[in-house]
Each structure stands twice: as C-alpha cells, then as structure tokens.
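In what follows, every chain begins at residue 1, and chains take the letters A, B, ... in the order their sequences are listed. Any value given below was found using the heavy atoms of this structure, including those in side chains, with hydrogens, waters and symmetry copies removed. This one's a predicted model, so the numbers in the text were calculated from it and none came from an experiment.
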Amino acid sequence: MSEIERAHVVVDARDNVTTLLDEGIDLCRLQGGLKVAPGIAFGHKAALRAIAEGEAVIKYGVAIGRATRAIGQGDHVHVHNCV
Amino acid sequence: MRVSGLPIHFSGFARSDGRVGVRNYLVVLSSVALVNRWAELVASAVPEARVVAGEFMRGLRSPDALRQERASEALVTHPNVGACLVLCHDAASARLWRKYLADCGRPHAVLALMDQAGMEAAVGAGRQILSRLDDVRRTVERVPCPIGALTLALECGGSDPTSALVANPAIGLVVDALIGAGGGAIVSETVEFVGAEEPVRDRCPSAHLAARLLGAIAAAEERMEEDGERYRGVNPTAENIEAGLTTLIEKSMGAVAKTGSRPFAGLLQFGETPATPGLYLMDTPFFSPCSITGMVAAGAQITMFGLGVFNPSGNPLAPTIKVCGNPMTAARWRDAIDVDLSEVLAQRLSLDQAAQRLGESLVETAAGRETQAERWREGQFIVPKTLTPL
C-alpha cells in the first residue's frame, strides 16, 4: 500500500464509479494511478471516467442513478450531481 | 468469470433421492414443542447428535399448519441428514411420521412419548435407538459429488458499509461461479429488495417472472406501510447520505450484491424446493434465523453469511460460512468468523482475490471442514406464522 495513494474498490467491472475505503481526503491519487478530487470521505464515490449529464451512474454493475450535470473523471459523485 | 478454480467435484454424501449432502448429521427432531426437553435429554447422550427443535405447535390455522408440517418434514430429510430420530407426543402423530419417513432412504426411527412408561424409560429408549442410528450412519462414506449439486442459502446480517463493499460482493462473485458450474443459490428477505426493483427486473428472463418477483417485493413494502413505516421517500436517510449513499437503489444493492449478477430463475414460497439450478428469490420475513430456516428447508446445504458487525445466527442443518470485511469485527470475533476479507479495505487484497479465497473456503466446508457456527452449535429453526393460532 502506498502512502500517497487512496484505497478504493470497484465493485463490478462495468462500474463508472469507485468507492473510497480510507480517510486520506487530502490525497489526490487513487491506487492504480487515477487522479482524484480531494475531500472525498470514506464510503463516498469518485468517478472513474467522465460522466455526461443524464448518463447513468453505475455501481454494482447497475444504474444507481443519473448524473444531473457533467461529472469529471476523479470528481466526487453524490447527491449534488446524481439522483 | 472472476472466481476460477471451483473444482468439478467435491467430496460429499450421495443420497438415494439424488440430492447431495455436505454433512452426515445425526438428527433428533422434536416434532412438537411439547417434547423439546425429551429431545434434548435424548440427544445429550450422543455428542454428535443435533437437535432440531423449534416452536412447532398445535392449533395453527391452515396455511401456517401446512407450512410448519412441510418445513419439519423437509428439515428431517435434508441432504445433510445422515440419520434421524423423530420424537412425537402421541401415537397417532408417530404413525403419520413413520408413513412419511418410510421411503426417506436413510436410517430413521420414530417414538411417541405417550407410548413410554415414565420419563426415565422414555429418555432411555430414545438414547438406545439414537446410538444404534449413529452406528449405522457412520458406515456411510463421502464420495465424489458434482459441485453443481450445491445450493447456497444467501444471507447478510449486522450490515455496515463494509458489507456492501466487501463481504456481499465477494459472496456474489462466488454465487456467479457456482451457478456457472451448474449449482444454485437462494436469497430471501423480500423487504430488503425494496428499492432494487429495476436491477431485479433487468435480471428476469421473462416479463412473467419479473411481475412475480416485483409483485412479492411490492407486497412486502405494502405490509411494511400497514405498520406505519414509510421506506421509500425517507430512504436513503440523512445518515446514509452522510455515509456516501446517494440513492435508494445504491442502498438496496448493498444487500442485493450477494446474489451476484446472474439472471433470476424463479420465486419460491417459504421452504419451497427449487425445481432447477440457478438463482431464486424466496419470499420470507427478514429475521435471519427465520429466513435461513426457509432456505435450508428448501434444500440449501450451505449458508453464505455476509457480516459487517457480528451476528451469531446459523442453522443446525446447514454449515454457515461467516464472511466479514470489517477489520474491527474480524479481530474481535476471530473465533466466530470463518473468512476474514478485511484486507480488502487496506487494499492488500482485491475483491477478486477475496472472492477466490471465499470460493476455496466453500469447497473446503463442503468437503467437511467445520465452520465456526457448527463449532459453537449455533442455530435456530423458526417457521413464520401469519394467523393467530386457535
């Protein structure tokens, strides 16, 4: 485990979000190398790739909601941009 | 396929009805709660004997009476049962049990308390027969059996954020692999599917099945609302949102994840045996000792139980594999958890590797490795009732 990269889990290969597994909210990189926005808490989601407005947010391989605005890669995905 | 290497065969018990057991238990069934104590006293003489005693009662109304009768019959002829002694209160019920068990294909005996002359004689008679059944049972040996003959009961309890991210998805991957090998799985606790209707619909091969599954989920939600509980609309709660859950589907999928990704094959009533392999939803209450009773009565040989915080629930007839992704729970309950997947959180183990480890544990358990719940003799039998008994 690297000290500068955040632990996270992609539940299903089809997912376009990953869930953060640590408290390292000041860090800017996910394990595996992807950049991530700072400030995302344990249990919250980050976009694995850009998600267009209206596009499905996929976790567990299923659409758990839709993006209410464009979401950039590495952005926090939550109630402010997904319903 | 993300879990590889499930063997084609495992070492199990081939029963005369074509089913396959992972254990060869010696069982004492108390067919009515009046003789629960007699069953305990009889079973205490043979260390390996397991008591099946519930709140089996008289005076149940017709649908409940039928459910109880079918469940007790199914439990005592479960593929994990090598021999059984059925204890009854009266001679008439003993006659019915003898008739039912005549073709059960395993050593068995039936005794009625009313045929005995005093408690001491009753306990002595029971112990003598039980010890004989034990001797016969021990002559049965394990043989290679297809892994696809296994049906898993899927359960989760003490759920926390790690259940949704580690234990349940890992169970789901093993379920996908087992069904790929020709096996089956049963999930229950219908109310937990409220909110996951769309993903369930997407996994139904026919509109007819989708209507049946969604109908059962809607009926469970309706019953919840009758008690004044509104689920949709207040979920996810403010606390859930703070924890990172964005939508109700996401919350519900935490539990549904343990079913994997294969299509649903059907809907089962409490204790109903699936007709084909594949994934089934059984319509049961959410209390795990009750829902597990239903899935085991249906013939599931092993329970996969995802944990966040600890939950002791098990079943005396189906080994329960306790799977945990929470490092604090795994450390505190080391002597009661079978598979510790908490390294996923620290990123020392991928979800695929976690599922691989769980798949290996499944095969070892099927071939005879004792689970923690077996070691602690955990387990309850609870059959749901819908009407006030007479």
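Scanning residues 230-255 of chain B against chain A with a 4.5 Å heavy-atom cutoff picks out Ile241(B), Glu242(B), Ala243(B), Gly244(B), Leu245(B), Thr246(B), Thr247(B), Ile249(B), Glu250(B), Met253(B), Gly254(B), ordered by number.
If you measure heavy-atom distances from Val57(A) to chain B, you find no contacts under 4.5 Å at all. The parts of His8(A) that come within reach of chain B are both its backbone and its side chain, each placing non-hydrogen atoms under 4.5 angstrom from that chain. Heavy-atom distances place the side chain of Arg14(A), and not its backbone, under 4.5 Å from chain B. Within the 4.5 angstrom heavy-atom criterion, no atom of Ala170(B) approaches chain A.
Using a 4.5 Å cut-off on side-chain heavy atoms (C-beta onward), Val62(A) and Glu198(B) make no contact.
Using cut-offs of 30° and 60° for the angle between ring planes, the His78(A) and His76(A) rings count as tilted. Using cut-offs of 30° and 60° for the angle between ring planes, the Trp333(B) and Phe310(B) rings count as parallel.
Rounded to the nearest 0.5 Å, atoms CZ (Phe305(B)) and CD1 (Ile292(B)) are 5.0 Å apart. Rounded to the nearest 0.5 angstrom, Gln356(B) CD and Leu349(B) CG are separated by 10.5 Å.
More than 12 non-hydrogen atoms from other residues, nucleotides or ligands lie less than 6.0 angstrom from CD of Glu364(B).
Among Gly43(A), Gly61(A), Ala63(A), Ala41(A), the residue with the largest count of heavy-atom pairs under 4.5 Å with chain B is Gly43(A).
Inspection of the Ser313(B) and Ser288(B) side chains reveals an N or O donor paired with an N or O acceptor under 3.5 Å.
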Test Asp22(A) against Arg6(A) for salt bridge (Lys or Arg N to Asp or Glu O under 4.0 Å), laying out the working first. CA-CA 7 Å; Asp22(A) 63 20; Arg6(A) 297 198 62 181; 2.7 Å; yes
